[in-house]
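Here is the structure we will look at.
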Amino acid sequence: MSASPYAAETRRRRTFAIISHPDAGKTTLTEKLLLFSGAIQIAGSVKARKASRHATSDWMEIEKQRGISVASSVMQMLYRNHVINLLDTPGHKDFSEDTYRVLTAVDSALMVIDAANGVEAQTRRLIEVCRQRDTPIITFVNKMDREVREPLELLDEIERELGMPCVPMTWPVGQGKAFGGIMNLRSRTMTVFESGSERLPQDFETVPLSDRENLLERFGHEFETAEQSMELAIGASPTWDHEAFLAGRQTPVFFGSGVNNFGVMEVLEALVDLAPSPQPRISRLTPSDAASRLSGNNEPVVREIRPEDPDFSGVVFKVQANMDANHRDRIAFVRMASGRYRPGMKLKVQRTSKELRPTSVVTFLSQRREAVDEAYAGDIIGFTTHGGVQLGDTITDGANLQFTGLPFFAPELFMTVLLKNPLRTKQLQQGLAQLGEEGAIQVFRPEIGGAMLLGAVGQLQFEVVQHRLKSEYDADIRLEGCQYTGARWITADTAAELRAFTDAYPARMARDAANALAFLCTSPYDVRLAQERFPKIHFHLLREHAGLALQA
């Protein structure tokens, strides 16, 4: 079969993540994009029970209780004959690892800014991750129906924080109670604002900007001021350059109010018109993985994998346990990098060289799933498994590949796990194993025995894991503080050097969920002293993915 059908299908794909600081309106915007694409009928109602609505993308019980997103959700929708894969990420900093991993699986990002608060702390961190990967960013300035900052001031701040120029695509007329609507600079029209979360795009009145007298009569000073500030913004902004946007050197900016369905349609259109289709990915096999190691060649084997290539390949960027409480299942979320998936394909996990036999393969609308008939590069598909798959695993239909770049950060907070009922030991072990492989928290098993340790980036991770162990595994635990304040993954050039080090620090050695060896620290001086004593041991703050030997 020629590759041309694959190329046509991959060009239809748009895979992006929504990123923001907590409470900027990210999950609300996700709901409205689903609504306008026809994926759902009433925003927030997919999980409606007893007239109580929850966001489609917030499916965990703890998310509904707290009104926050603590896990990334994947949703697929069809709009204008394009397949849009949308990933809603947690905004809370305590779950930033999950968000960073999601950003490795997308081709672009939609950044939501609260118009009252501007660019906030967590947004800055996410921007840095996007900039490191040159990910194209579309910007949506939300909550214009409230008392907010001036649009020119916001544009200036976004440019400064992003380190790239903004190109306004829509422009607000007024704000708060005086919010009149947005001017669309591409269509040269003004969409008139009316509040209400039930309105659809066709319900909003549109007036040509050429009908200036009518607009001045209706909106007076607010329209005049908006015209002037828009002209200033256009004068200070570069002309739109699509190639610069795709290279991560320009961001288009849209204004609106997600909760009122206003300005959202323009963003959906931009995702189709401007956002990139799936991009090539780099496979980098280390000498320890590559067949060439037998010949003594130590250079990594580097290959560019193109989306339209006929062979199936993908990478596991997320593992989620117990999405369906009735089935106690485990889903590996795979971002397809090339080829086509068809049911019944023979697949291989590169890390273990074992055949992968998923019991079912699905696409997502958050917790709701549909069986996959076929999928192409850019799509996110879920493999229902019972183990054998970890975060960062490369899946292929036979080719020897290894996609890299999935980050695991050394935790800064540690707690000791104590089980309240010793008869639930088996449930605890199963729960910790699955939550550790899922990446919800880092689980460390001391080499010489003793209580299991949990490592986290933020305190809220401990609370979520404690809640999930009790509700999903019936393992009620108590968490206590411990002496450790950090961890470093360790590697050595030879097995003898590694053995000498582990023999010298037996009480400090632990294995994580991927069985990678870590050195536990009680202070920053521990690593320095150990490094001086064993100069040939390498200490790592970052582990790229499960199963790949860390290089110095």
Side-chain angles (χ1 to χ4, degrees), residues 6-20 26 29-30 33-34 36-37 39 56-57 72-89 98-112 126 129-130 133-138 140 242 245-248 251-252 267-282 305-309 312-318 320 331-341 361-366 369-370 372 374-383 392 394-395 403 405-406:
Y6 293 43
E9 285 293 342
T10 57
R11 280 196 297 270
R12 293 174 59 216
R13 265 64 187 172
R14 301 289 183 270
T15 304
F16 74 100
I18 297 195
I19 59 173
S20 81
K26 174 169 49 62
L29 184 61
T30 299
L33 291 170
L34 290 169
F36 291 174
S37 69
T56 310
S57 51
S72 300
S73 296
V74 177
M75 284 144 283
Q76 190 179 75
M77 51 191 171
L78 193 67
Y79 180 69
R80 276 177 46 194
N81 199 35
H82 284 71
V83 179
I84 299 175
N85 295 292
L86 181 160
L87 288 82
D88 179 21
T89 61
D98 194 23
T99 302
Y100 294 156
R101 287 194 282 264
V102 164
L103 287 173
T104 67
V106 299
D107 301 300
S108 58
L110 173 56
M111 178 173 69
V112 185
L126 297 170
V129 177
C130 290
R133 305 177 63 83
D134 294 325
T135 304
I137 298 172
I138 294 172
F140 179 69
H242 193 229
F245 161 68
L246 294 177
T251 180
V267 173
L268 185 56
E269 297 285 350
L271 285 165
V272 171
D273 295 337
L274 307 180
S277 56
Q279 300 298 295
R281 304 218 153 203
I282 299 298
I305 308 301
R306 303 187 64 78
E308 62 270 22
D309 289 348
F312 174 94
S313 68
V315 63
V316 178
F317 68 93
K318 176 180 172 63
Q320 185 73 56
I331 291 190
F333 290 72
V334 176
R335 155 66 197 244
M336 283 185 60
S338 66
R340 177 173 71 159
Y341 172 80
V361 178
V362 295
T363 55
F364 303 92
L365 178 56
S366 188
R369 315 170 193 172
E370 291 180 4
V372 173
E374 62 179 9
Y376 294 88
D379 285 340
I380 310 293
I381 55 178
F383 290 16
T394 297
I395 313 289
F403 297 113
L406 202 71

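Keep in mind it's a predicted model, so treat the numbers as computed, not measured.
Within the 3.5 Å criterion, the main-chain N or O of Gly378 finds no donor-acceptor partner in the side chain of Asp107. In terms of modelled atom types and a separation under 3.5 Å, the side chain of Thr104 and the main chain of Tyr100 share no donor-acceptor contact. Thr394 places a side-chain N or O within 3.5 Å of a backbone atom of Phe403 that can act as its donor or acceptor partner.
The nearest pair of heavy atoms linking Ala109 to Ile19 is CB-CD1, 4.2 Å. Across every non-hydrogen atom of Phe312 and Phe383, the tightest pair is CZ-CZ, 4.2 Å. Between Leu33 and Phe16 the shortest heavy-atom distance is CD1-CZ, 4.2 Å. Across all non-hydrogen atoms, the minimal contact from Asp88 to Met75 is CB-CE, 3.9 Å. The two residues Ala332 and Val316 make their nearest non-hydrogen contact at CB-CG1, 4.1 Å. Across all their heavy atoms, Val74 and Phe317 have their closest contact at CG2-CZ, 4.4 Å.
Residues satisfying the side chain to side chain donor-acceptor pair (under 3.5 Å) criterion with Arg281, sequence neighbours excluded, are absent altogether. Judged as a salt bridge (charged side-chain N to carboxylate O under 4.0 Å, His left out), and not counting sequence neighbours, the contacts of Asp273 are Arg80. Legend: residues meeting side-chain contact (heavy atoms from CB on, under 4.5 Å) with Ser277, ordered by chain and number and at least two apart, are Arg14, Gln279. Under the side-chain contact (heavy atoms from CB on, under 4.5 Å) criterion, Ala375 pairs with Met336, Tyr341, Val372, Asp379, Ile381, sequence neighbours left out. Among residues two or more places apart in sequence or in another chain, the side chain to side chain donor-acceptor pair (under 3.5 Å) test is passed with Thr251 by Thr139. With sequence neighbours excluded, the residues forming a side-chain contact (heavy atoms from CB on, under 4.5 Å) with Leu246 are His242, Glu243, Pro276, listed by chain and number. Arg12 meets the salt bridge (charged side-chain N to carboxylate O under 4.0 Å, His left out) test with Glu9; sequence neighbours excluded. With sequence neighbours excluded, the residues that form a side-chain contact (heavy atoms from CB on, under 4.5 Å) with Ser338 are Ile305, Asp309, Ser313.
For the atom pair CZ (Phe245) and CG (Leu274), the distance works out to 6.0 Å, reported to the nearest 0.5 Å. Going from atom CG of Leu87 over to atom OG1 of Thr15 covers 7.5 Å, rounded to the nearest 0.5 Å.
A heavy-atom distance below 4.5 Å is found between the side chains of Arg335 and Pro278. The closest side-chain heavy-atom distance from Val83 to Leu78 is below 4.5 Å. Leu86 places none of its side-chain heavy atoms less than 4.5 Å from the side chain of Leu110.
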- [ ] In sequence, state the C-alpha distance, the side-chain angles, and the governing distance for Ile84 and Leu268, and then conclude on side-chain contact (heavy atoms from CB on, under 4.5 Å).
- [x] CA-CA 10 Å; Ile84 299 175; Leu268 185 56; 4.0 Å; yes

